[in-house]
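Everything below concerns the one structure shown next.
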2 protein chains.
Amino acid sequence: MRPTKRDELVQKALDAFYRNGFHATGMDMLVAETGISKTSMYKHFRTKEDLILAVLRLRDERFRNWLYRRMEELGQSPKEQLIAMFDALGEWFEEQGFKGCMFVKASSEYQEPSNPIHMQSADHKRLLEQHFTELATRGGFSKPGLLARQLLLLKEGAIVTAHLGHTTDPAQDAKKAAISLLNLQSQL
Amino acid sequence: MRPTKRDELVQKALDAFYRNGFHATGMDMLVAETGISKTSMYKHFRTKEDLILAVLRLRDERFRNWLYRRMEELGQSPKEQLIAMFDALGEWFEEQGFKGCMFVKASSEYQEPSNPIHMQSADHKRLLEQHFTELATRGGFSKPGLLARQLLLLKEGAIVTAHLGHTTDPAQDAKKAAISLLNLQSQL
DNA sequence: GACTAAATGTACCGATCTGTTCACTTTGGC
DNA sequence: GCCAAAGTGAACAGATCGGTACATTTAGTC
């Protein structure tokens with residue numbers, strides 16, 4: 001196996017797109033930043049859109065893996081893990097280079113619901129919802145679907161707000177709200 | 001007063017940018033869509049960025065006016081009005097042509113915090129926070145600042161989620177969460 | 001009807017965009 | 001050492017980008 005060049009391209013393209021945006025990052029800039037020739041790029045990906053889709057696949061895998069693992073590290077029970085999500089988010093917001101949610105930005109630049117980039121961004125959110133619904137179900141909450149969706153609303157709101165540069169920490173505000181919601185819903 | 005041409009340009013440019021995005025909407029497309037000559041555009045605005053900033057000013061004025069008025073129409077007390085925000089959002093989501101929050105999209109395409117477009121988008125969010133904090137204060141809640149920020153997290157999350165096309169209505173989920181948070185905080 | 005300000009149409013600038021072509025070099029396995 | 005696969009560099013195509021120049025036409029005022 002030589003997953004080298006292609007994966008290296010996707011990984012470095014991820015950084016560039018995340019930092020600069022999609023339209024604003026041209027293929028020539030990718031050549032300059034990745035050190036990979038344009039010929040090679042177009043041998044691996046027929047179009048820029050294909051490359052972006054590959055980038056989003058990698059981002060989805062990495063982000064979900066990171067978030068799920070961090071939640072497990074920070075919390076024992078399903079309830080604790082759901083709360084811990086907001087501590088994980090807080091850590092993310094503090095990282096240098098944090099620039100919001102890549103999928104929100106992708107769907108902002110490619111808005112038509114029929115656009116593959118938009119659809120793939122929506123898929124990412126659906127996967128998150130599934131996972132949180134399962135977690136809420138395991139936690140024995142009476143309305144796991146509703147609870148999961150509400151916690152995700154807080155998550156999305158916190159990410160957007162953190163990106164727009166608030167003085168207070170949105171992750172902490174969201175965490176407090178989440179605790180209230182979790183304590184209100186009856187558990188088995 | 002002849003607020004005609006310039007205002008007409010800003011208004012039609014708003015539609016085009018909202019529908020197509022900022023980078024994806026070129027000045028030539030604006031000429032085609034607005035019927036206003038490029039020469040006139042560049043007499044009113046020195047750069048595309050200046051035009052975008054004017055568009056965002058108009059959007060800020062219109063959106064806040066609409067939201068605040070709708071909240072007053074749908075609710076009597078401050079508490080009722082805060083809850084009614086999510087019904088207003090639900091109405092917005094149902095409108096054809098709904099494409100998410102223009103300021104989130106603007107800050108997604110112009111990410112650097114020092115960018116005027118990014119800064120103006122952040123200003124819009126700050127104005128919302130001020131207004132909601134005042135409303136929560138008038139409602140006699142014990143922590144009006146925190147409550148306002150939490151309700152705004154739910155708002156931002158609902159808008160993003162509605163844009164990414166969920167099956168269930170994010171406005172309703174957010175409304176239920178908001179009611180819980182409002183009932184939990186002690187009022188004078 | 002004359003004067004002025006505003007708007008128009010069109011051609012153009014240099015830069016950049018996505019994507020292609022082609023001749024050449026590197027690399028790894030046998 | 002040989003061969004094929006993979007990668008390189010640079011030039012190029014055609015379209016579009018933001019922005020300008022200039023001569024002309026429209027519209028409002030006295």
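Every heavy atom of this structure was used, including side-chain atoms; hydrogens, water molecules and symmetry mates were not. Sequence lines set the chain letters: A, B, ... in the order given, protein chains first and strands last, and positions in each chain run from 1. Quick caveat: nothing in here was measured; it's all calculated off a predicted structure.
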Item to check | Between dA7(C) (C1') and Lys12(B) (NZ): distance, integer Å | outcome: 14 Å
Checklist outcome for this item: Rounded to whole Å, NZ of Lys43(B) lies from P of dG9(C) at a distance of 13 Å
Checklist entry - OP1 or OP2 of dT8(C) less than 4.0 angstrom from a side-chain nitrogen or oxygen of Ser40(B), does that happen here? => result yes
Item to check | First of Thr39(B) and Asp28(B) reached from the 5' end of DNA chain C, by closest nucleotide | outcome: Thr39(B)
Item to check | Atom-to-atom span, CE of Met41(B) to C1' of dC17(D) - whole angstrom | outcome: 15 Å
Checklist entry - Is Arg70(A) salt-bridged to Glu91(A), cutoff N-O under 4.0 Å? => result yes
Checklist outcome for this item: Among the nucleotides dT20(C), dT20(D), dG9(D), whichever has the atom closest to the side chain of Ser37(A) is dG9(D)
Checklist entry - Mapping Arg46(A) and Ala24(A) to their closest nucleotides on DNA chain C, which lands nearer the 5' end? => result Ala24(A)
Checklist entry - Separation of Met29(B) atom CE from dA15(D) atom P, in whole Å? => result 16 Å
Checklist entry - Salt-bridged, Glu156(B) to Lys125(B), with N to O below 4.0 Å? => result yes
Checklist entry - Of the nucleotides dT8(D), dG19(D), dT8(C), which one has an atom closest to the side chain of Tyr42(B)? => result dG19(D)
Item to check | Test log, rule salt bridge (Lys or Arg N to Asp or Glu O under 4.0 Å), inputs Arg126(B) and Asp123(B) | outcome: CA-CA 5 Å; Arg126(B) 258 188 294 275; Asp123(B) 285 343; 2.8 Å; yes
Next on the checklist: In whole Å, I'd like the distance from the CD1 atom of Ile36(A) to the P atom of dT27(C).
Outcome noted: 15 Å
Checklist entry - Does Val55(A) share a hydrophobic cluster with Met29(A), counting links as ILVMFWY side-chain heavy atoms below 4.5 Å and allowing steps through other members? => result no
Checklist entry - What's the CE-C1' distance between Met27(A) and dG19(C), to the nearest Å? => result 8 Å
Checklist outcome for this item: Judged by nearest nucleotide, the residue sitting upstream toward the 5' end of DNA chain D, Lys38(B) or Gly35(A), is Gly35(A)
Next on the checklist: Base of dG19(D), side chain of Lys48(B) - is there a donor-acceptor contact under 3.5 Å?
Outcome noted: no
Next on the checklist: Output the rounded distance in Å from CG (Leu30(B)) to C1' (dT16(D)).
Outcome noted: 14 Å
Checklist entry - Is any side-chain nitrogen or oxygen of His23(B) closer than 4.0 Å to OP1 or OP2 of dG18(D)? => result no
Checklist entry - If you draw the axis of the six-membered ring of Tyr18(B), does the NZ or CZ of Arg59(B) fall within 45° of it and under 6.0 Å from the ring centre? => result yes
Checklist entry - Rounded to the Å, how far apart are Leu51(A) CG and dC17(C) C1'? => result 15 Å
